[in-house]
Amino acid sequence: MTKRSVIIYLSLIFALLALVAGWYIASFLNREADSVSFDSSRAYADVQTQVAFGPRIPGSTGHAQVQEWMRAELESAGWQVEVHESERLGHPIFNIIAKRNAEPPQIILGAHYDTRMIADHDPDPAKQTEPVPGANDGASGVAILLELARSLPVDTVPVWLVFFDTEDNGRIEGWDWILGSRAFAEEIPINPRAVVIVDMIGDADLNIYLEKNSNVAIRTEIWNTAASLGYDNVFINEEKYSMLDDHTPFLEKNIPAVDIIDFDYPYWHTTQDTPDKVSAESLHAVGDTLWHWVVNGQ
Ligand SMILES: [Zn+2]
């Protein structure tokens, strides 16, 4: 070998080593990102699991099953689960609270886990007394919270995940909307920086407009986070609806609260609110946005 060919030979070996090292580091970084980021296929499976329990009407078998399942999922993700029991209009209420430690929460993320007992918006009058399957209206918000429980790093600001009961039976004799969140806001002493509700955020055709009653500073933070991640086609920077939802009781107590909701859902309160109307991509846009908003907001 000439001196020149030795140099070529050595530099080829060096280049090959650099390539292997680079590939190894890249795959390691990818694995790191995968292990901590929001996994929308798991979230979509959570929607299917909930709908498979049947309707989650307060007092039903499906309602009891979803409670037990949420507890198991949260505990296996390392969260402590407490049940806030109360009663409104004679109906028992079981709000499920998940926390990682005893610190007071700076952020509360909430979703309702119950489903509406009647599909009174169904286009077929014969189906208007049937229950709502609640794939989007109920299961999608719970799925987001459960996947955040699995994927949020342990060292974020103190977060509570709250699964509200008895949200969805308004305009039915003897019931009202948002009974669970109202009981929670009235009975649990909290002073968080923000309460963020997710409701009906799984629609495959997802368009989330700014909700008019929501706290402006917090909703701006969340919409900015979404835009920075490329979800500005989903989080539309315009106001549209004014909602009565689980954020309302917190706003009434002057706690900054935001409702993340896509109210343009043709299957709302119908028997057609089934998992095929929900997509993993939509769950990902919302879950990924909230993941980054929580992780970066400290
Ligand atoms: Zn509803």
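The analysis underlying the following values was restricted to heavy atoms, covering all of them including side chains, and did not include hydrogens, waters or symmetry mates. Both ligands and their constituent atoms are indexed starting at 1 by order of listing. Predicted model only: the values in this text are computed from it and were never measured.
- For Val198 against Leu145, the heavy-atom pair with the smallest separation is CG2-CD1, 3.7 Å.
- Partner of His112 under the side-chain hydrogen bond (donor to acceptor under 3.5 Å, both in side chains) criterion, chosen from Asn95, Asp165, Asp137: Asp137.
- Note on Glu167: not counted as a metal contact of the Zn ion (ligand 1), no N/O/S atom lying under 2.8 Å.
- Backbone or side-chain N, O or S atoms of Asp199 do not reach the Zn ion (ligand 1) at under 2.8 Å.
- Here His269 meets the criterion, with an N, O or S atom under 2.8 Å of the Zn ion (ligand 1).
- Asp137 contributes atom OD2 as its closest N/O/S atom to the Zn ion (ligand 1).
- Of the N and O atoms on the side chains of Asp264 and Tyr241, at least one donor lies less than 3.5 Å from an acceptor on the other residue.
- The pair Glu167-Arg182 does not meet the salt-bridge criterion, since no charged nitrogen lies less than 4.0 angstrom from a carboxylate oxygen.
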